[in-house]
Protein chains: 2
Amino acid sequence: MLLSTKGDYGVRAMIDLAKHEGEGPVQRAEIARRRQIPEAYLDHLLAQLRRDGFIRSTRGPAGGHQLAKTPDEICLLHLLESLEGSLAPMQCLENDDPQEEAICGQDWVWQEIYDDMRAKLASVSLADLVEHEREHERERATAARYVI
Amino acid sequence: MLLSTKGDYGVRAMIDLAKHEGEGPVQRAEIARRRQIPEAYLDHLLAQLRRDGFIRSTRGPAGGHQLAKTPDEICLLHLLESLEGSLAPMQCLENDDPQEEAICGQDWVWQEIYDDMRAKLASVSLADLVEHEREHERERATAARYVI
DNA sequence: GGTATTCTCGACCATTCGAGTCAACATTGT
DNA sequence: ACAATGTTGACTCGAATGGTCGAGAATACC
């Protein structure tokens, strides 16, 4: 598994914040409930996202979290690298240790896969994820009408 | 990290067997030495490769391991899926649990990446890996001549 | 038949990582 | 003052990773 729950939950949280952009701070508890994330665990993910400048948080009553950039300025690659650290699919691509690569034998295949993967992730913005979710919701609503 | 040492070591071992095809059984100790794999650990990987029909093993003096198919009949995808189990990059792609996917929000991106990855891995054969290694060796030999 | 050689299989073990939980503390609106 | 909220670090618990080890089985060779 390349992505842990950090990358999954963290992106879910960011989608939630993007969907409620302009409505003031969104509280941890709301995000956790809507996106089915353990509240205490979400803390750590928000902390990381804050450290890397993706969100701003305010304390006190009516406090919460909001995006620090617009959704189309945030790409999935940067989000995931913030949450997960490196996304390298195998150890020998982590640092370019030529000794390790020399004996590995399949590193060149994975280097290509890694490059393609990063390119794809860089091309998807948070705005795209929100848009995709909205479309999905519309589809489900339409399907529901037919079922009724 | 998508690949553990199993996928790394196991493929190294297969490359070694492919390189010594037609020379009779290759012993565990030789593979381990040449490819820098802990000998006792290699046992488990060879066992898995045997179970899945990639190699045949013979016991006794002058015993060892050899390929059960030709190198061009074996693709990297099948090798790695034998050694690692599923290569799914995130949990919600593992089984197609529609409930999990509905809330995930980035599954569609990863589904595309996963498909591309599998296609690439399926297109690379063990013969390709050996050929690539031989080329690499020739390059290094040429470079060495210039250094001298 | 005995012995050396090699693979085979399962049990065991140490360390790290993933996924959380929790309590104490800081900040701020009312 | 106090209640609501975020912030932080310490802690836990189970599973996975990356091995090691020993008893046993097969087989070639003398």
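Throughout, protein chains are lettered first and strands after them, A, B, ... in sequence-line order, and every chain is numbered starting at 1.
For the segment residues 39-61 of chain B, the set of residues with a heavy atom within less than 4.0 Å of an atom of DNA chain C comprises B/Asp43, B/His44, B/Arg50, B/Ser57, B/Thr58, B/Arg59, B/Gly60, B/Pro61, in numerical order. Within residues 80-90 of chain A, no residue places a heavy atom under 4.0 Å from DNA chain C.
Applying the salt bridge (charged side-chain N to carboxylate O under 4.0 Å, His left out) test to pairs two or more places apart or on separate chains, those with a residue in residues 41-59 of chain A are A/Arg28-A/Asp43. Here ring-ring contact (aromatic ring centres under 6.0 Å, His included) pairs that include residues 112-135 of chain B, with residues two or more places apart or in two chains, are A/Trp108-B/His132.
Here the P atom of nucleotide C/dT16 and the CE atom of B/Met1 are 16 Å apart, to the nearest Å. Atom-to-atom, CD of B/Gln27 to P of C/dT6 comes out at 4 Å; the value is rounded to the nearest Å. Put simply, NZ on A/Lys6 is 8 Å from P on C/dA19, counting in whole angstrom units.
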Can A/Asp128 and A/Ser125 be said to form a side chain to side chain donor-acceptor pair (under 3.5 Å), step by step? CA-CA 5 Å; A/Asp128 294 329; A/Ser125 72; 3.3 Å; yes
Pair B/Lys19, B/Glu131 - check salt bridge (Lys or Arg N to Asp or Glu O under 4.0 Å), show working. CA-CA 9 Å; B/Lys19 267 192 148 175; B/Glu131 173 57 27; over 6 Å; no
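A salt bridge does not link A/Arg118 with A/Glu112: every distance from a Lys NZ or Arg NE/NH1/NH2 to an Asp or Glu carboxylate oxygen is 4.0 Å or more. With respect to B/Asp8 and B/Arg12, a salt bridge is recorded, a charged nitrogen being found less than 4.0 Å from a carboxylate O.
Every side-chain contact (heavy atoms from CB on, under 4.5 Å) that A/Ala32 has, sequence neighbours left out, goes to A/Glu39, A/Leu42.
Across all their heavy atoms, A/Leu45 and A/Gly10 have their closest contact at CD1-N, 4.0 Å. When all heavy atoms are compared, the tightest approach of A/Met1 to B/Met90 is SD-C, 3.3 Å.
Side-chain atoms of A/Glu81 and A/Ser86 form no donor-acceptor pair, as typed in the model, at a separation below 3.5 Å.
With a heavy-atom cut-off of 4.0 Å to chain B, the contacted part of DNA chain D has its first and last nucleotide at D/dG18 to D/dA28.
Each of A/Tyr9 and A/Ala62 was assigned the nucleotide of DNA chain C with the nearest heavy atom; the assignment lying further toward the 5' end belongs to A/Tyr9.
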